[in-house]
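Just so we're on the same page: letters track the sequence lines, and every chain starts at 1.
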Amino acid sequence: MYIVLGASESGAAGEFLWEAVTVADGRVGSRRTVPESKLGQFVHEVEDSNRPAPIRWVWADSRQIMPLFLAQGISPERSHDLRLIQRILSIATTHSQSHITFAPTLDLLQESPEKPWGMLPPARQIQGQDSLFDDGFLSASKPDTGQKTAPTASQLAVELQTQLRAIEAAPHPRRLKLLAAAESTGGMIAAEMKFHGMPWNKSLHEKLLVETLGPRPAPFERPAEMEKLATEIREKLATPKLNVDSPQELLRALQSAGIRVKSTSKWALKGWAEENPQLAQQRRSLIEPLLAYKKLARLFTANGWNWLDEWVQDDRFHPSYEVGGVVTGRWGAHGGGAMQIPRDVRTAVAAEPGKMLVVADASQVEPRILAAMSGDEKLALAGRGTDLYLGIAKIGEHTGSALNERAQAKIALLGAMYGATTGESGKLMPHLRTMFPQAIEFTERAARVGEQGGQVSTYLGRVSPAPSSEWFERQRRQATAEDERAAMAASRSWGRFTRNFVVQGTAAEWALCWMAQIRQKLRATTLFGKPLQSQLVYFLHDEIMIYGPEREASLCEQIVRDAAQAAGELLFGHISVEFPVTIAVTDNYSTAK
DNA sequence: CGCGGCGGCGCG
DNA sequence: AAAGCGCGCCGCCGCG
């Protein structure tokens, strides 16, 4: 049963009124008005009295409603986030003639039941998107006035039914239903993570900053250690007024000093130092301070004192995640760079006394997903009970293949998923193809669809965007040899995108299911008759962090492992692909892994 | 002056 | 100085 939560139509003055409307078997049932301050209590009571019959709460936007629940001390069990699901359905329907049902387009995506993707019609059939809600109908408040103009429960109930019909009419309703549930749970988890925050020891962080940069500088000034290095660099280059932060100035100064690099990047500088060991010591002694300066500059600007002031309150880092913010369905994050916390800075992520961090990292998710999607039993077997890359190397050894080392296996497999053609990865590809023809053929089919301007889909049904009209224009007009070359390059490039999309996107779906399973198990588990206090506090593509009392850590560890395998089965059913997880129970993030 | 693009670097 | 995917953030730099 669904219960839709939207604005009440009886817009009384004073406290904001919500309305709850039940929807079951496609019919709207009872209605009830709930004042905002009682919303959490209402949800809690309804869930309790209906247990074990599942209730799925429906709302416009988790980002709006979840903070209300969390502030009232509850978090619903299941949900359907209309904004998130509409986005998933609408990408698939960019081509659709109809804005009522999404089904016709989804049918076109399906060549045959065995194939998880197919071709869409050519670009000229692309229509303007006719979503019901392009006007921001689903947004719950007007940014300019801050006034609530939330959609009513009745309006949302209509949208729900539209979405449910579209899902039922899809080629794989079970999969799309699972995606809707997982994505919605992701919406709740993201809100919970933001609410609880990640433990962040401000004084440890400050200690790290002072030790590496020196004391906090005055505004607009460089920290002492950076200034020292800058002075050293200016002296060695004989350019007293050089701004070390300016790539242009720096590049010119380097070239004047006889260091013939094409860019000032770390890689270029390291490469130059390696290629010219015979050159004067003074010149190489310049590279080191320069690299050191870059390292410090990065720490200072990205995760320095200003960052601490802005993002860490009361020893908690509260990042904003954007569920499905990446085209492939991965989460994005805005503000605070939650998904780029440098290794060195992780020392600041420390457990308080009596608490522990459970840091779990799923091993080689993308190649395992490839094995599962492509049904490549040999690749699945290579990863059973062991490191997948090592498993591949061992197979290579037994069969006398040139691909017989772990490092090679990793480069080759990543290259296959990214579309590498040159370098070591390109060289190893033929051997990989011989070993795993089914998996390799799968990635190449995905690439071919993209090269021709088609769209691909993840296993659960998230569809890749169509190329831009400029892309199609480039394919159409190939007057000169230069045009032809550009068209080919663009085609290949889009092929690499779709090739990667299916794997990265399905891996993101696996990760969503993993987290959803963890959340569910954490909620359902008790210790000495009491619910667990441990919370999911961080997520990074294939890694999660749980924070809670030390005594719960081993339980959490088991939950995380079980959830990983359960996620695989939820997606693919019973398959021979394993999803092993590396777990560190630690009081400091930097010591994990 | 503000803005967007870009080089550079952090993460998976 | 990457190759070969997906991101966010910072400072610089050129544009209007």
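Scanning DNA chain C for stems, defined as runs of 3 or more consecutive Watson-Crick or G-U wobble pairs whose donor-acceptor distances all fall under 3.5 Å, gives the following ranges: B:1-12 with C:5-16.
H318(A) pairs by the side chain to side chain contact (heavy atoms under 4.5 Å, CB included) definition with R316(A), not counting sequence neighbours. With sequence neighbours left out, the ring-ring contact (aromatic ring centres under 6.0 Å, His included) criterion links F501(A) to F497(A). Partners of A516(A) under the side chain to side chain contact (heavy atoms under 4.5 Å, CB included) rule, at least two apart in sequence or in another chain, are T185(A). In this structure, the side chain to side chain contact (heavy atoms under 4.5 Å, CB included) partners of N404(A), at least two apart in sequence or on a different chain, are E397(A), Q408(A). Evaluation of the side chain to side chain contact (heavy atoms under 4.5 Å, CB included) rule for Q248(A) yields S246(A), R252(A) as partners, not counting sequence neighbours. Applying the salt bridge (charged side-chain N to carboxylate O under 4.0 Å, His left out) rule to E227(A) yields the partners R222(A), R234(A); only residues at least two apart in sequence or on another chain are considered.
Between S246(A) and the phosphate of dG11(C), there is no side-chain N or O to OP1/OP2 separation shorter than 4.0 Å.
No engagement by E424(A) is indicated, since no non-hydrogen atom pair under 4.0 Å with the nucleic acid exists.
Only at 4.0 angstrom or more do the heavy atoms of residues 485-494 of chain A sit from any atom of DNA chain B, so none qualifies. Near DNA chain C, meaning a heavy atom under 4.0 Å away, there are no residues from residues 203-218 of chain A.
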Please tabulate, one pair per line, all N/O donor-acceptor pairs under 3.5 Å involving side-chain atoms of residues 505-515 of chain A, not counting sequence neighbours.
from    : atom 1 : to      : atom 2 : distance (Å)
T506(A) : OG1    : Y459(A) : N      : 3.1
T506(A) : OG1    : V502(A) : O      : 2.6
E509(A) : OE1    : T458(A) : OG1    : 3.4
E509(A) : OE1    : L460(A) : N      : 3.2
E509(A) : OE2    : T458(A) : OG1    : 2.5
W510(A) : NE1    : A564(A) : O      : 3.4
W514(A) : NE1    : V560(A) : O      : 3.1

Under 3.5 Å, sequence neighbours excluded: what are the donor-acceptor pairs made by side chains of residues 416-430 of chain A?
from    : atom 1 : to      : atom 2 : distance (Å)
S425(A) : OG     : I411(A) : O      : 3.2

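Between F497(A) and E310(A), it is F497(A) whose nearest contact on DNA chain C lies nearer the 5' terminus.
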Once each nucleotide of nucleotides 3-12 of chain B is scored for protein heavy atoms under 4.0 Å, what B/S/- sequence comes out, 5' to 3'? -----BBBSB

